[in-house]
Student: 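Supplied in structure tokens, the structure appears directly below.
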2 protein chains.
Amino acid sequence: MPDPSVARAGFPVSRQVLADHVYEALLEWLMDGRLEPGAAVSIDGMARELDVSPTPVREALARLEHTGMVRRVALKGYRVAPVFTREDFAELMEARLSIEPVNARLACSRMTPDGLEALKKAVEDLKTAPRGGTFAEYRSYLEADERFHQLIAAQANNQFLLAAYNTLGGQIQRFRLFGGVGITDAEQAIAEHQAVLEAMLSGDPERAAEMMVDHVEKVRGRAMADAPED
Amino acid sequence: MPDPSVARAGFPVSRQVLADHVYEALLEWLMDGRLEPGAAVSIDGMARELDVSPTPVREALARLEHTGMVRRVALKGYRVAPVFTREDFAELMEARLSIEPVNARLACSRMTPDGLEALKKAVEDLKTAPRGGTFAEYRSYLEADERFHQLIAAQANNQFLLAAYNTLGGQIQRFRLFGGVGITDAEQAIAEHQAVLEAMLSGDPERAAEMMVDHVEKVRGRAMADAPED
DNA sequence: ACGCCCGCGTTCCTATAGGATTTGTGGCAT
DNA sequence: ATGCCACAAATCCTATAGGAACGCGGGCGT
């Protein structure tokens, strides 16, 4: 997290306002589990917590609403979105299967050298990331996972598909955290990511799409098997 | 200082807050063309215009940002998103081709009787809508067009795909208004919509998807031919 | 004339105040 | 004990004030 107050050599990097910081903080807390699903997110309370006035908090929450991670009820306030049900998860995977293979196909055709390097690094990070039992230990693993998919969406070079993926991406990441399952499938998941990457490297868009379908379907299969709860 | 409880006497329980009304008003203005692409949207100015304080306006704009219809630059304010370039349009159509056929396929499988009736009515409204030269005259046509696609997305019965479509839908509607082309293709477009509807009626998901692909591709083709500007 | 500087208005941004609404609690009647 | 109402605290929501930055136009020096 770069500190915006420290500008580089006279270059005032795109200055951020307080609401942006609040947005980032809330997003991080949501992803960290510090804000549990279903919990109320009081505007005044958050303002006290972050030592700012309620105004920027209100703006940040308004922006967060569209991510689906918080829900608003008029005159009642915001709450963290409830835990995914089995149906929610099935819908999310269905949506991924509609969008991500397309992203993979396009990204394969339009991939830049830099993008390819970043993708390689993401897979490498997946392999080397610690995979302990606590959240802090596999946080970097989840981050690399999300980064891999995000990079492909970005390399598809379509602002609308990227926006569509990003709205899903937050939910996917949130599920990775709260879905109930830890990391029990790292080896297989890494192999699937590797397969997508190799298809990219060989410049075969159709195969890249197929490998992505395969990956998402297997993620769905594993999660559905691991978490039979409701 | 208008008293809401008196002013809204006709609305028994207006469980909406001021920011919601501002949001609706701004959305309508954006869709009406009263706010032209590229124009600055001053928070204070809008507050004066709508006779409210800047606070609700700020919140409404924060929510509008994710629709892509307004863009924000920190410490500089909001501007109406610029006109679509040819490239933007191509990307939008590419995104539609990724999502809408999937929606059509799923909607065909999961369609409710009520949904089917609403879909029939949308096509009927398309046929009977006036198609004059001015905006007011073909507004209802565009509304029915958008409603048709929105209904299919809703009937797909997947909250994430619906959200993904909705972010596109606003842009699509905005392009219909500002794309530069009026309605020169109504007969063909209606026939294509009819074809999708008939596939739905016959309960053939694959054909519904194919017809949707066909429709979007032809929309793209006509628009690219009609608006060779840039 | 041309460029520079400075004041002025506009706008964004945040904090604060106060009214309106909801929620939780305790007491009272049934 | 249970249901209902009043009261209090917390919260949401809107308005307003003022600081900071940006844009602009006029005046001054070269």
Side-chain angles (χ1 to χ4, degrees), chain A residues 3-8 10-26 29 35-36 38-66 69-82, chain B residues 1-26 29 35-36 38-66 69-81:
Chain A
D3 186 348
S5 66
V6 182
R8 284 175 308 178
F11 274 86
V13 287
S14 70
R15 299 189 320 268
Q16 275 193 333
V17 291
L18 216 50
D20 293 335
H21 290 275
V22 175
Y23 182 92
E24 295 294 335
L26 283 174
W29 288 10
L35 291 174
E36 287 185 9
V41 184
S42 153
I43 294 176
D44 291 345
M46 276 302 148
R48 284 192 296 270
E49 191 96 4
L50 296 170
D51 197 40
V52 296
S53 83
T55 312
V57 176
R58 174 174 298 275
E59 183 174 337
L61 281 170
R63 277 191 244 161
L64 268 175
E65 194 186 358
H66 100 274
M69 286 188 266
V70 297
R71 299 184 192 283
R72 184 183 73 97
V73 178
L75 298 178
K76 287 197 56 178
Y78 291 86
R79 306 189 75 85
V80 182
Chain B
M1 40 177 155
D3 184 348
S5 64
V6 176
R8 305 269 173 229
F11 293 71
V13 274
S14 175
R15 277 285 181 275
Q16 269 193 337
V17 290
L18 218 56
D20 292 336
H21 291 257
V22 175
Y23 182 91
E24 296 294 335
L26 284 174
W29 287 10
L35 292 173
E36 287 184 10
V41 183
S42 154
I43 294 176
D44 291 346
M46 276 302 148
R48 285 191 295 271
E49 191 96 6
L50 296 170
D51 196 40
V52 296
S53 83
T55 312
V57 176
R58 172 175 297 276
E59 184 175 336
L61 281 171
R63 277 191 246 163
L64 268 174
E65 193 186 359
H66 101 274
M69 286 188 263
V70 298
R71 297 182 193 283
R72 184 182 73 97
V73 179
L75 296 176
K76 288 199 58 177
Y78 291 87
R79 305 190 76 83
V80 182

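A note on names: the letters A, B, ... follow the listed sequences, proteins ahead of strands, and every chain is numbered from 1.
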Student: Looking only at non-hydrogen atoms, find the nearest pair between B/Tyr78 and B/Arg58 and report the distance.
Tutor: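 Heavy atoms of B/Tyr78 and B/Arg58 come nearest at OH-O, 4.4 Å.
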Student: Between C/dT11, D/dT14, C/dA15, spot the one nearest the side chain of B/Asp44, thanks.
Tutor: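 Nearest to the side chain of B/Asp44 among the choices is C/dT11.
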Student: Would you say the side chain of B/Leu18 lies within less than 4.5 Å of the side chain of B/Thr55, judging by non-hydrogen atoms?
Tutor: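 B/Thr55 vs B/Leu18: side chains apart.
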Student: Would you please confirm or rule out a distance under 4.0 Å between OP1 or OP2 of D/dA15 and any side-chain N or O of B/Arg48?
Tutor: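 Indeed not, no polar side-chain atom of B/Arg48 lies that close.
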Student: Figure out the CZ/C1' separation between A/Arg72 and C/dT21, and round it to whole Å.
Tutor: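 After rounding, the reported distance stands at 14 Å.
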Student: So, is A/Ser42 close to the D/dA10 phosphate, meaning a side-chain N or O under 4.0 Å from OP1 or OP2?
Tutor: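 The answer is no; no side-chain N or O of A/Ser42 sits under 4.0 Å from OP1 or OP2.
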Student: Has A/Lys76 got a side-chain N or O lying under 4.0 Å from the OP1 or OP2 atom of C/dT23?
Tutor: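 Yes, because at least one side-chain N or O of A/Lys76 sits under 4.0 Å from OP1 or OP2 of C/dT23.
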Student: From the list D/dA15, C/dA15, C/dT11, which nucleotide is the closest neighbour of the side chain of A/Ser53?
Tutor: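 Minimum distance to the A/Ser53 side chain belongs to C/dA15.
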Student: Would you indicate whether the side-chain heavy atoms of A/Arg63 and A/Asp20 approach each other to under 4.5 Å?
Tutor: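 Of all side-chain heavy-atom pairs linking A/Arg63 with A/Asp20, at least one is under 4.5 Å.
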Student: Kindly say if B/Arg58 contacts the phosphate of C/dC13, meaning a side-chain N or O under 4.0 Å from OP1 or OP2.
Tutor: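 Looking at the OP1 and OP2 atoms of C/dC13, one of them is under 4.0 Å from a side-chain N or O of B/Arg58.
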Student: Would you check if A/Val41 and A/Met46 make a side-chain contact, meaning some heavy-atom pair closer than 4.5 Å?
Tutor: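 Contact flag for A/Val41/A/Met46 side chains = yes.
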Student: On DNA chain D, does the nearest nucleotide to A/Val41 precede the nearest nucleotide to B/Pro54 from the 5' side, or the other way round? Give the residue.
Tutor: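 On the 5' side of the pair lies A/Val41.
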Student: Find the distance B/Gln16:CD to D/dT14:P and express it as a whole number of Å.
Tutor: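 Between P of D/dT14 and CD of B/Gln16: 11 Å.
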Student: Send over the distance from A/Glu49 CD to D/dA10 C1', rounded to a whole Å.
Tutor: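 To the nearest whole Å, that distance equals 16 Å.
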Student: Closest nucleotide of DNA chain C for A/Val52 versus for B/Gly45: which of these residues is on the 5' side?
Tutor: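 Looking at the nearest nucleotide for each, B/Gly45 comes out on the 5' side.
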Student: Calculate the interatomic distance between B/Asp20 atom CG and D/dT14 atom P; express it in whole Å.
Tutor: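 The distance from CG of B/Asp20 to P of D/dT14 comes to 8 Å, rounded to the nearest Å.
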Student: Taking atom P of D/dA15 as reference, at what distance in whole Å does atom CD of B/Glu59 sit?
Tutor: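 Interatomic distance, CD of B/Glu59 to P of D/dA15: 12 Å.
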Student: Can you tell me how far P of D/dA15 sits from CG of B/Asp51, to the nearest Å?
Tutor: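 B/Asp51 atom CG is separated from D/dA15 atom P by 8 Å.
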Student: Report the nucleotide, chosen from C/dT23, C/dA15, D/dC13, that has the shortest atom-to-atom distance to any side-chain atom of A/Pro56.
Tutor: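 Out of C/dT23, C/dA15, D/dC13, the nucleotide with an atom closest to A/Pro56's side chain is C/dA15.
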Student: Rounded to the Å, how far apart are B/His21 NE2 and D/dC13 P?
Tutor: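 My rounded result for the distance is 12 Å.
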Student: Reckon A/Val22 touches a base, only the sugar-phosphate, or nothing at all at heavy-atom distances under 4.0 Å?
Tutor: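 Since no nucleic acid heavy atom lies under 4.0 Å of A/Val22, the category is nothing.
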Student: Under 4.5 Å between any side-chain heavy atoms of A/Arg71 and A/Pro82, yes or no?
Tutor: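 Touching, per the 4.5 Å side-chain cut-off.
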Student: Let me know the distance between CG of B/Leu75 and C1' of C/dC13, rounded to the nearest Å.
Tutor: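 After rounding, the gap between these two atoms is 7 Å.
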Student: Choose from D/dG23, D/dA15, C/dA15 the nucleotide whose nearest atom is closest to any side-chain atom of B/Thr55.
Tutor: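 So the nucleotide nearest the side chain must be D/dA15.
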